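Quick caveat, the model's predicted, so the values are computed rather than measured. Position 1 is the first residue of the sequence; numbering continues from there.
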Amino acid sequence: MKIEGIGGFLIKKKLLAFLCIVCYAFIWEASGTYNVFAEQKTYIIAVESALPPFSFKNEANEPSGINIDLMEKIAKNNGTVFEYLPMEMQEAEKRLMNGSVDAIVGSTYSIEKDNQLDFTQPYFTMSQSIIIPSNRKKDIHTLTDLRDAHVVLDPTTPVISTFLNMRNTNLTTVSNQYSGMLTLMNDRADAFIGNKWTAEYYLKKLRQGENYIILDEVIEPADYTIAVKQGNQTLLFMMDNALTELKANRQLNGIIDKWLMPQSDQKIARLEQFIFWLTMILTAGAIILFIIYIWNQKLKKSVLAQTRTLHLLNEDLEKQRQKLDNSKAFKEQILNNINTGIITFDHDFLITSCNEKASEILNISKEMILNIPNHTQLLKMFEATHPEQREKVGTGSFRIRVLHGRHEQKEISYSMHKMFSTEKIHTGYLLSMNDETEKKTLEKKLVTQEKLHALGQLVAGVAHEIRNPLTSIKTFIDLLPSKYDKPQFRQVLMEHMPTEVNRLNAIVTDLIEYARPRPPNITNCPAHELISLLAFHKVTMAKKQIHFEQAIDEDLIFYIDLQQIHQVILNLVLNSIQAVEEREVKTITISIDRENEKTGRITISDSGIGIKQDEQNHIFEPFYTNKDKGVGLGLTLSYRLIKENNGDIQVKSHPDCGTTFIILLPLYTNELKKEEKSDVTCISDR
């Protein structure tokens, strides 16, 4: 990349300086020496001789000021010695370039100088001000008002280029600001351009502060830096590091404030600080006194409030009594209007309260219930609250015969519960009761209707199933006289007549088993015995290329009638074989595992055609089937056998997604073992 022009030259120069600094720092770190200037070396530093308070000669004719203090701090931090040489800035720049001096402190930065010298980072930014006689303050306010005026200034100041570009301006240059101030005071100029701190110093020293005015307009701000000979990167690096450290430690601000803040200003600042803290203390005291006053007022109000509270306590007590009475009346109204009878007892089962619904249910007046002398007669109606079982609570039902126009019985359900106070202390018992007579009557009617409906379905199914074979038999009998001599007819008769008779026999047999089932023979049965009779079905599945899978928990022992559950499983597996034999994917799976601690689970799944949702609601009904040759009693008998074995059956199916039957049956648990042992013990005792 090629960089052209003045900007390119400056960038190249800065890059070279940066590389030199980095290399120097690397050498410094590698050598393990943290003070480059371990040997004391004396540097010649050029300073202005008449630029107070930055640099000037004090009463002892020694260099003094901000620049001198700054350089002494740098020398101390780096173990070097600086020798100061007062001179004018133009001469100092010439000497720096020819090597007569090592650095210039207080040099202003400009692009023109940057081509000849190297500059550190700025440590102070200062603008030029306009100093005019007091009698000219109405005429001169800004820099443009100096057109056609006689102006005296230092030729090194950056603002000189501005005046050179202004027309009709009379300029006089002087070697330093002291000479410029004297030229203005001798009425040989209309205005002087310089920094305000130097002007204030000389006006105060010459006692001319009332005769001249320093305008606060900011003119050509310039950075004050330390200039070194071009290429002297070692000294430049030392100065830059020192300035960075002084800025970080805020020591540079302290040096500048020491000279730019007059003693009177310092005293005023200290006085202002004292006044501030005194004000804070007085304010805090006033706040404390105010808080004490407020607290005292609150105490007075609190005493008055307590007095008023004591005065109102009697009224509150009276209101509380009224609220209690209202609450009691409210509760009584609720209890007397609910549809449940409520009677409460104390620890000794003495009746403490009773609502009107309880009186109506028992057909006894409320007063009689509350005044029953022998309350145990009432409690005998409630099994869970018999006097010998006072600590027991629970639910139950009983019947009572009441006289209500005619003798009738009421079916009453009840529940007894313990009552506790807000401190969880047992205080008595609560008896709730409901008249279930009408409900029970409706339930009996519904059961009768369901039985009649089921009987109607059964009769219709039997009639439908028997009619078909009877029709075939009747047809053969009608044709027998006319076609008996024909051999072909006799052959057809011999083929179909036994089939129809066997079908009638199967229907009658299934119907008898459904109508008069034998009681189950419940025994403990290992899980593997449940599928021991599937060998025949396995052969059939192998011939029809049906994939069969089984997963059995061998540790499970069921408490069932093995023969009846065998019949159920064989029937369900046969249905699965018929459901998958026309499918592309033929899979049947049987798994036996644990549902919970007391229940085992038998799952029979297939990938068959599935069952529609409306058909699932009827598959356990008698004579319901979607098969051409089915009777419709297989799943009905299976459902009844599972129920007789204290189990349950569930079905999950979707069309074209297969079917899953889940059979839940009781397991042979430790509780059953204990019961069997106790039964055996009782028999042996007899």
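The side-chain heavy atoms of Leu667 and Lys598, taken from C-beta on, include no pair separated by under 4.5 Å. Residues Asn521 and Gln563 fail the side-chain proximity criterion, which asks for heavy atoms closer than 4.5 Å. Under the 4.5 Å side-chain criterion, counting only non-hydrogen atoms from C-beta, Leu246 is in contact with Asn77. Proximity of Glu332 to Lys328: side-chain heavy atoms (C-beta onward) are separated by under 4.5 Å at one or more points. Using a 4.5 Å cut-off on side-chain heavy atoms (C-beta onward), Ile592 and Asp553 make no contact. The side-chain heavy atoms of Val651 and Thr659, taken from C-beta on, include a pair separated by under 4.5 Å. Residues Lys357 and Ile342 are not in side-chain contact: their nearest non-hydrogen atoms beyond the backbone lie 4.5 Å or more apart. With a 4.5 Å cut-off on side-chain heavy atoms, Val573 and Ile531 do not count as touching.
Between the side chain of Asn571 and the main chain of Gln567, no donor-acceptor pair closer than 3.5 Å is present. With hydrogens and angles disregarded, a donor-acceptor distance shorter than 3.5 Å links the side chain of His566 to the backbone of Glu529. At least one donor-acceptor pair under 3.5 Å links the side chain of Thr283 to the backbone N or O of Thr279. Looking at Asn355, its side chain does come within 3.5 Å of a backbone N or O of Thr340 through a donor-acceptor pair. In this structure a side-chain-to-backbone donor-acceptor pair under 3.5 Å is present from Ser607 to Val585.
Taking both residues in full, the closest heavy atoms of Met433 and Ile343 are given as CE-CD1, 3.8 Å, listed atom of the first, atom of the second, then distance. Listed here is the closest heavy atom pair of Phe420 and Thr427: N-OG1, 3.9 Å. Between Ser415 and Ser432 the shortest heavy-atom distance is OG-OG, 2.7 Å. Contact detail for Lys247 and Pro122: the closest heavy-atom pair is NZ-O, 2.6 Å. Of all heavy-atom pairs between Phe558 and Gly600, the closest is CE2-CA, 3.6 Å. Nearest heavy atom pair, residue Ile649 against residue Tyr639, reads CG2-CD1, 3.5 Å.
In this structure, Tyr414 OH and Asn434 CG are separated by 13.5 Å, a value rounded to the nearest 0.5 Å. Taken from CD1 in Ile255 to CG in Asp69, the straight-line distance is 6.0 Å, to the nearest 0.5 Å. With values rounded to the nearest 0.5 angstrom, Leu431 atom CG is found 10.5 Å from Met419 atom CE. With rounding to the nearest 0.5 Å, the separation of NE2 in His311 from CG in Asp316 is 10.5 Å. Taken from CG in Leu665 to CG in Asp561, the straight-line distance is 11.0 Å, to the nearest 0.5 Å. One distance of note links CD1 of Ile642 with CG of Leu664; it measures 9.0 Å at 0.5 Å rounding.
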TODO: Let me see the working for Ile522 and Asn646 under side-chain contact (heavy atoms from CB on, under 4.5 Å), right down to the final yes or no.
DONE: CA-CA 10 Å; Ile522 304 295; Asn646 301 317; 5.5 Å; no

TODO: Evaluate side-chain contact (heavy atoms from CB on, under 4.5 Å) for Tyr429 paired with His417, printing each intermediate quantity in order.
DONE: CA-CA 6 Å; Tyr429 300 88; His417 305 278; over 6 Å; no

TODO: For the pair Thr660 and Thr603, evaluate side-chain contact (heavy atoms from CB on, under 4.5 Å) and give the outcome as yes or no after the intermediate values.
DONE: CA-CA 7 Å; Thr660 299; Thr603 305; 3.6 Å; yes

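Scored by the side chain to side chain donor-acceptor pair (under 3.5 Å) test, Arg321 finds Glu318 as partners (sequence neighbours excluded).
Annotation: Glu554, atom CD; neighbour count of heavy atoms from other residues, nucleotides and ligands within 6.0 Å is above 12. Surrounding NZ of Lys137 are at most 12 heavy atoms belonging to other residues, nucleotides or ligands under 6.0 Å away. In the displayed structure, His654 atom NE2 is contacted under 6.0 Å by at most 12 heavy atoms of other residues, nucleotides or ligands.
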Using residues 288-309 as the side-chain source, report each donor-acceptor pair under 3.5 Å to any protein atom, sequence neighbours left out, with the distance given to one decimal.
from: Thr307; atom 1: OG1; to: Val303; atom 2: O; distance (Å): 2.8
from: Thr309; atom 1: OG1; to: Ala305; atom 2: O; distance (Å): 2.7

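If you check the side chains of Ser353 and Thr344, you find a donor sitting under 3.5 Å from an acceptor. Donor-acceptor pairing under 3.5 Å is lacking for the side chains of Ser605 and Thr589.
Classification of Arg640 and Glu644 as a salt-bridged pair holds, one side-chain N sitting under 4.0 Å from a carboxylate O.
Within the structure, salt bridge (charged side-chain N to carboxylate O under 4.0 Å, His left out) contacts touching residues 646-669 (residues at least two apart or in different chains) are Arg583-Asp656, Lys643-Asp648.
Below 30°, between 30° and 60°, or above 60°: for Trp197 and Phe124 the angle between ring planes is above 60°, a perpendicular geometry.
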